[in-house]
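Structure first, commentary second.
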Amino acid sequence: MEDYLEEFLINLNTVNSGSAHTADSYRRDIKRFIDYCTIEGCESFNDVDRTVVLGFINYLRMGKNALSDRSLARNLSSLRSFYRYLNASGYADSNPFASVKSPKKTDKLPDFLYEDDVDRFLGCFDLNDDQEYRNRTMFEMMYGCGLRVSEVANMKISDLDFANDVVTIVGKGSKARIVPFYPVIRELLQNYLKAVRPHFVGEQEHDYVFVNNRGSKLTSRGIEYILDSSVRQHGLMMKIHPHALRHSFATHLLAAGVDIRVVQELLGHARLSTTQIYTHVSMEHLREAYDKAFEK
């Protein structure tokens with residue numbers, strides 16, 4: 001039976017030029033099935049019927065190494081493809097996985113920070129140090145405006161409107177949106193632009209707000225590195241990535257009762273369904289806060 005698996009993988013590589021990762025996934029999924037068939041006494045793939053398939057699915061769902069719905073769905077997809085190859089090659093008469101429905105894949109809830117975690121993170125920067133001041137301003141804005149890391153990297157001074165405390169953001173698909181910012185961000189930004197940024201930029205002339213130590217525009221990768229370094233440098237025992245700040249912004253707004261369509265506009269989501277995942281997060285957030293408040 002494993003000889004057929006090797007033939008399938010060779011065919012997969014020839015026909016699809018699949019990546020090694022894809023081939024490894026197929027091999028792992030199908031080898032697991034072959035091992036199960038051996039235990040069940042199946043001598044060929046024609047011996048596999050619906051009872052064997054259902055038993056295999058139950059096997060994948062049990063024990064300490066039970067597969068998630070997402071992994072199970074991928075495994076079943078691998079076996080459907082494998083059996084299509086066996087049918088086309090004359091190695092099997094039918095496909096017992098053809099009528100088996102995969103579990104519905106659920107969206108992974110985004111990571112977010114509680115309000116006190118955000119306060120602890122933003123409060124750890126030394127505002128007497130130029131680099132730390134820049135970092136605090138940058139991350140305060142990422143959280144307080146719900147920005148993507150690329151949007152922060154590409155922000156220009158001309159995008160800032162201090163008269164109305166708003167910033168014009170050009171997001172995905174070159175779609176522009178206007179996002180307000182609160183007084184703390186205004187104060188940080190104005191002082192950064194006046195007293196900190198010039199120390200980095202020197203004689204260079206460009207309009208980008210956030211710059212590296214050489215005065216050049218910060219890249220998305222550079223911002224991610226600074227965030228990771230800041231967490232480790234200040235000994236914070238929390239998991240923070242750039243998108244977690246954006247997720248926290250959305251979650252906290254919804255938890256505070258802000259209309260979901262307003263949150264959609266602030267995030268720059270084209271579809272409301274993209275924003276709706278945060279309603280699940282905010283409800284979990286509220287539930288945990290409620291349970292904590294009424295602990296006996």
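Arg32 has its side chain within reach of Asn75: a pair of non-hydrogen atoms, C-beta onward, lies under 4.5 Å apart. Put simply, the side chain of Thr219 does not reach to within 4.5 Å of the side chain of Glu224, judged on heavy atoms. Looking at Leu218 and Val211, their side chains never come closer than 4.5 Å, going by heavy atoms from C-beta outward. Using a 4.5 Å cut-off on side-chain heavy atoms (C-beta onward), Val118 and Glu115 make no contact. Taking 4.5 Å as the limit, some side-chain heavy atom of Val149 sits within range of a side-chain heavy atom of Ser220. When side chains are defined from C-beta on, Ile157 counts as touching Arg197, because their heavy atoms get closer than 4.5 Å. Under the 4.5 Å side-chain criterion, counting only non-hydrogen atoms from C-beta, Ile260 is in contact with Leu254. Residues Phe249 and Met142 are not in side-chain contact: their nearest non-hydrogen atoms beyond the backbone lie 4.5 Å or more apart.
By the 30° and 60° cut-offs, the orientation of the rings of Phe139 relative to Phe121 is tilted. Taking the six-membered ring where the residue is Trp, Tyr208 and His206 present tilted rings, their angle falling between 30° and 60°.
Criterion: ILVMFWY side-chain heavy atoms under 4.5 Å apart, direct or through other members. Under it, Ile223 and Val170 are not part of a common hydrophobic cluster. Both Tyr182 and Val258 sit in one connected hydrophobic cluster of ILVMFWY residues. Membership requires side-chain heavy atoms under 4.5 Å apart, directly or through other members. Taken together through direct or relayed side-chain contacts under 4.5 Å among Ile, Leu, Val, Met, Phe, Trp and Tyr, Phe162 and Ile178 form parts of separate hydrophobic clusters. There is no path of hydrophobic side-chain contacts, each under 4.5 Å, that joins Val179 to Val166. Residue Tyr59 is grouped with residue Val100 when hydrophobic side chains (ILVMFWY) are merged at heavy-atom distances under 4.5 angstrom, including chains of intermediate members.
Considering CG of Leu86 and CG of Leu79, their distance stands at 10.0 Å, rounded to 0.5 Å. The NE2 atom of His199 lies 5.5 Å from the CG atom of Asp130; values are rounded to the nearest 0.5 Å. Note that CG of Leu72 and CZ of Phe56 are 8.5 Å apart. Values are rounded to the nearest 0.5 Å. Rounding to the nearest 0.5 angstrom, the gap separating the CG atom in Leu9 from the OH atom in Tyr26 is 9.5 Å. Atom CG of Asp93 is separated from atom OH of Tyr83 by 10.0 Å, given to the nearest 0.5 angstrom. Distance check: Asp49 CG to Ser94 OG gives 9.0 Å after rounding to the nearest 0.5 Å.
Closest heavy-atom contact between Ser78 and Ile30: O-CD1, 4.3 Å. Taking both residues in full, the closest heavy atoms of Val48 and Pro96 are given as CG1-CG, 3.9 Å, listed atom of the first, atom of the second, then distance. When all heavy atoms of Leu160 and Val209 are compared, the pair lying nearest together is CD1-CG2, 4.1 Å. Shortest non-hydrogen contact noted between Thr168 and Ala176 is CG2-CB, 4.4 Å. Closest approach of Val52 to Asp47, counting heavy atoms only: CG2-O, 4.4 Å. Of all non-hydrogen atoms in Gly146 and Leu267, the two that sit nearest each other are O-CD2, 4.0 Å.
Within a 6.0 Å sphere centred on CD of Gln190, other residues, nucleotides and ligands contribute more than 12 heavy atoms. Other residues, nucleotides and ligands place no more than 12 heavy atoms under 6.0 Å from the CD atom of Glu43. Counting non-hydrogen atoms of neighbouring residues, nucleotides and ligands closer than 6.0 angstrom, the OH atom of Tyr225 reaches no more than 12 such neighbours. The 12-atom threshold is not exceeded at CD of Glu265, counting heavy atoms of other residues, nucleotides or ligands nearer than 6.0 Å. Other residues, nucleotides and ligands place more than 12 heavy atoms under 6.0 Å from the CG atom of Leu54. Atom CZ of Arg261 has 12 or fewer neighbouring heavy atoms from other residues, nucleotides or ligands inside a 6.0 Å radius.
For Phe82 and Phe45, the distance between ring centers is under 6.0 angstrom. Aromatic rings from Tyr192 and Tyr133 are positioned such that their centres are separated by 6.0 Å or more.
Ion pair Asp159/Lys156 not flagged as a salt bridge, since none of the NZ, NE, NH1 or NH2 atoms sits closer than 4.0 Å to an Asp/Glu carboxylate oxygen.
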Are Met138 and Val152 close enough, and set up right, to give a side chain to side chain contact (heavy atoms under 4.5 Å, CB included), and what steps lead you there? CA-CA 7 Å; Met138 184 165 61; Val152 177; 3.6 Å; yes
Apply side chain to side chain contact (heavy atoms under 4.5 Å, CB included) to the pair Leu253 and Leu266, showing each step before the final yes or no. CA-CA 10 Å; Leu253 285 179; Leu266 292 173; 3.8 Å; yes
Please step through ring-ring contact (aromatic ring centres under 6.0 Å, His included) for the pair Phe200 and Phe210, ending with a clear verdict. CA-CA 10 Å; Phe200 295 126; Phe210 294 108; over 10 Å; no
Test log, rule side chain to side chain contact (heavy atoms under 4.5 Å, CB included), inputs Leu76 and Ile57: CA-CA 9 Å; Leu76 294 177; Ile57 293 173; 4.0 Å; yes
Are Ser89 and Glu7 close enough, and set up right, to give a side chain to side chain contact (heavy atoms under 4.5 Å, CB included), and what steps lead you there? CA-CA 10 Å; Ser89 302; Glu7 284 187 29; 5.7 Å; no
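Between the side chain of His269 and the main chain of Leu272, no donor-acceptor pair closer than 3.5 Å is present. Between the Asn87 side chain and the Ala92 main chain, a donor and an acceptor come within less than 3.5 Å of each other. With hydrogens and angles disregarded, a donor-acceptor distance shorter than 3.5 Å links the side chain of Asn154 to the backbone of Ser150. In this structure a side-chain-to-backbone donor-acceptor pair under 3.5 Å is present from Asp129 to Gln131.
When only modelled atom types and interatomic distance are considered, Ser81 and Arg84 share a side-chain donor-acceptor pair under 3.5 Å. A donor-acceptor contact closer than 3.5 angstrom is absent between the side chains of His252 and Tyr114. Between the side chains of Ser158 and Asp207, at least one donor N or O lies within less than 3.5 Å of an accepting N or O. For the residue pair Asn212 / Lys217, no side-chain donor-acceptor distance below 3.5 Å is found, with atom types taken as modelled.
Screening residues 131-153 for salt bridge (charged side-chain N to carboxylate O under 4.0 Å, His left out) gives Arg136-Glu140, Arg148-Glu151, Glu151-Arg177 as the qualifying pairs, with residues at least two apart or on separate chains.
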